[in-house]
Amino acid sequence: MIIDTVYAPRPPATAGDRGAPAITIDTVTRAWSTEPDPAGLWHGLTRRMTWRWYGGSLVSLVWTVNAGFDLYTRYPFIGDRIWLTVLLAVFGISFAVIPPLNWQLPIRVRFVAPTVLWALSFALLPWLGLGVYSIWTYVGVAIAMSMVKMRWIIAYVALLSFVAFLFELGAGVGGDALFAIPILIASISLMMAAFARQIQSTNLLRATQHEMARLAVEQERSRVGRDMHDILGHSLTVIAVKAELAGALIESDPASAHKEITEVEELARGALADVRSTVAGYRGVNVAAELTNARSALEAAGIQAELPGSVDIVPVRARELFGWVVREGVTNVVRHSSATVCEVVLGSTFVEVSDDGRGPGTNTDSGTGLAGLRERLEPWGAHMTLGRSRLGGFSLRVTL
């Protein structure tokens with residue numbers, strides 16, 4: 001009767017929707033991200049990436065300062081100058097804030113703020129007339145830096161450039177100058193869109209590096225925990241059995257008791273050495289050594305050991321894996337089975353540990369031991385079968 005068949009390979013993770021964040025970004029990476037900030041809108045407007053944008057946008061707004069001085073010369077009245085100052089300041093601040101603001105909003109609404117900026121430019125019509133198109137480059141850059149789909153940016157910038165072309169015709173611009181501003185709007189906007197994509201790719205790469213580092217730490221922690229369980233679980237089980245046997249023999253057979261205590265000391269020292277080497281990451285397991293250890297553990301527990309006399313049939317590459325299977329299987333037999341016989345069978349593609357004990361459901365150790373063994377099987381593409389053995393007890397079988 002098969003009660004549990006576990007296939008080691010796990011199904012590959014499905015990719016997320018295109019354009020959706022697929023990686024968890026840590027605090028350091030979020031500081032440079034152009035994705036929504038989980039900490040909230042205000043934090044998103046003040047993180048490191050946005051301050052870099054603010055610096056660049058303020059440099060680009062120098063042109064509006066020069067335009068303001070030129071308009072002051074043309075409109076000397078104080079009322080005009082106040083209105084020009086207010087409108088240019090609002091336009092400049094809006095331009096600087098729109099991209100960081102859009103980074104915190106859903107993509108479907110990121111066109112709203114640049115369009116409002118475009119509409120705001122028409123407030124300067126009384127002073128600039130049809131020449132208002134000369135500041136639409138800022139509108140194009142605002143939509144380009146808002147991180148929407150590239151085809152949407154191209155369509156928006158094309159419309160912006162075409163309307164600028166119509167305004168130039170209406171203003172009487174002719175010759176080569178007729179195409180200067182529309183081309184300038186399109187080229188700078190698309191260049192900034194490409195630059196924004198480069199920033200996004202860099203951020204994704206940085207996030208990937210952080211995630212890989214985090215996963216490496218988790219995998220190492222899992223490896224150490226799994227190995228510590230396998231080492232101490234097996235060694236302490238044998239030590240406990242031998243100590244109990246020595247206690248029973250201490251009066252009737254002191255020599256045998258002394259022998260058992262000596263072996264307990266050796267096992268404890270060996271376990272300590274294994275723990276040290278495991279933490280260092282250099283510990284290895286071999287099926288031949290594990291069979292020797294298994295014989296000692298089973299005999300100390302009063303269980304008859306039926307073990308293969310040779311491991312030549314096992315491929316060299318599989319001997320470490322089969323060693324882990326033998327270690328886990330024998331440890332469970334000693335701990336849980338109340339068996340009188342334990343049999344280990346080796347083949348070129350399989351290893352099986354079986355007993356004549358209580359049978360399935362009593363020694364599966366599903367909490368840590370077999371769970372750790374499952375993880376070891378994953379890279380091999382092997383599968384593990386748990387069920388009733390031909391001896392009437394429990395069977396652990398791993399097949400490559």
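All of these numbers come straight from a predicted model, not from anything done at the bench.
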So [Y] and [X], do their side chains get closer than 4.5 Å, heavy atoms only?
| X | Y | result |
| --- | --- | --- |
| W152 | I107 | yes |
| V341 | D355 | no |
| L346 | L291 | yes |
| I153 | R197 | yes |
| H383 | L377 | no |
| L124 | I135 | yes |

From [X] atom [atom1] to [Y] atom [atom2], the distance as rounded to the nearest 0.5 Å:
| X | Y | atom1 | atom2 | result |
| --- | --- | --- | --- | --- |
| S121 | F95 | OG | CZ | 13.0 Å |
| F69 | R81 | CZ | CZ | 10.0 Å |
| L184 | W136 | CG | CH2 | 14.0 Å |
| L61 | L88 | CG | CG | 10.0 Å |
| S256 | L249 | OG | CG | 5.5 Å |
| F322 | T349 | CZ | OG1 | 6.5 Å |

Exercise for review: Give a yes-or-no answer on whether the side chains of Y156 and T115 include a donor-acceptor pair shorter than 3.5 Å.
Suggested key: yes
Look at the side chain of [X] and the backbone N and O of [Y], then say whether any donor-acceptor pair between them is shorter than 3.5 Å.
| X | Y | answer |
| --- | --- | --- |
| R110 | M147 | yes |
| S146 | V148 | no |
| S296 | N293 | no |
| Y133 | I181 | no |
| S57 | Y54 | yes |
| Y138 | S60 | yes |
| S395 | G387 | no |

Please indicate whether [X] has more than 12 foreign heavy atoms, meaning atoms of other residues, nucleotides or ligands, lying under 6.0 Å from its [atom1].
| X | atom1 | result |
| --- | --- | --- |
| Y72 | OH | yes |
| M212 | CE | no |
| W83 | CH2 | no |
| I250 | CD1 | no |
| W63 | CH2 | yes |

How far apart are the closest heavy atoms of [X] and [Y], and which atoms are they?
| X | Y | value |
| --- | --- | --- |
| G323 | E290 | O-CG, 3.4 Å |
| V109 | L105 | CG2-CB, 3.9 Å |
| A171 | L130 | N-CD1, 3.7 Å |
| R74 | P76 | O-CD, 3.5 Å |
| T137 | S189 | O-OG, 4.2 Å |
| P114 | V139 | O-CG1, 3.6 Å |

Practice item. Assess whether side-chain contact (heavy atoms from CB on, under 4.5 Å) is satisfied between L321 and L400, documenting all intermediate values. Key: CA-CA 10 Å; L321 178 66; L400 296 179; 3.7 Å; yes
same_hphob_cluster([X], [Y]) at 4.5 Å side-chain heavy-atom cutoff:
| X | Y | answer |
| --- | --- | --- |
| L178 | L166 | yes |
| V132 | Y75 | yes |
| I188 | V62 | no |
| F122 | L128 | yes |
| F394 | F350 | no |

Check your understanding: Considering the options V334, V333, T340, which one meets the side-chain contact (heavy atoms from CB on, under 4.5 Å) requirement together with S337?
Key -> V333
**Study point:** Aromatic ring pairing F165/F179, orientation class (parallel under 30°, perpendicular over 60°, tilted between)
**Key:** parallel
Practice item. Carefully, step by step, assess L396 and L373 under the rule side-chain contact (heavy atoms from CB on, under 4.5 Å). Key: CA-CA 11 Å; L396 164 63; L373 188 57; 4.2 Å; yes
Practice item. Carefully, step by step, assess L87 and W127 under the rule side-chain contact (heavy atoms from CB on, under 4.5 Å). Key: CA-CA 11 Å; L87 290 175; W127 298 275; 3.6 Å; yes
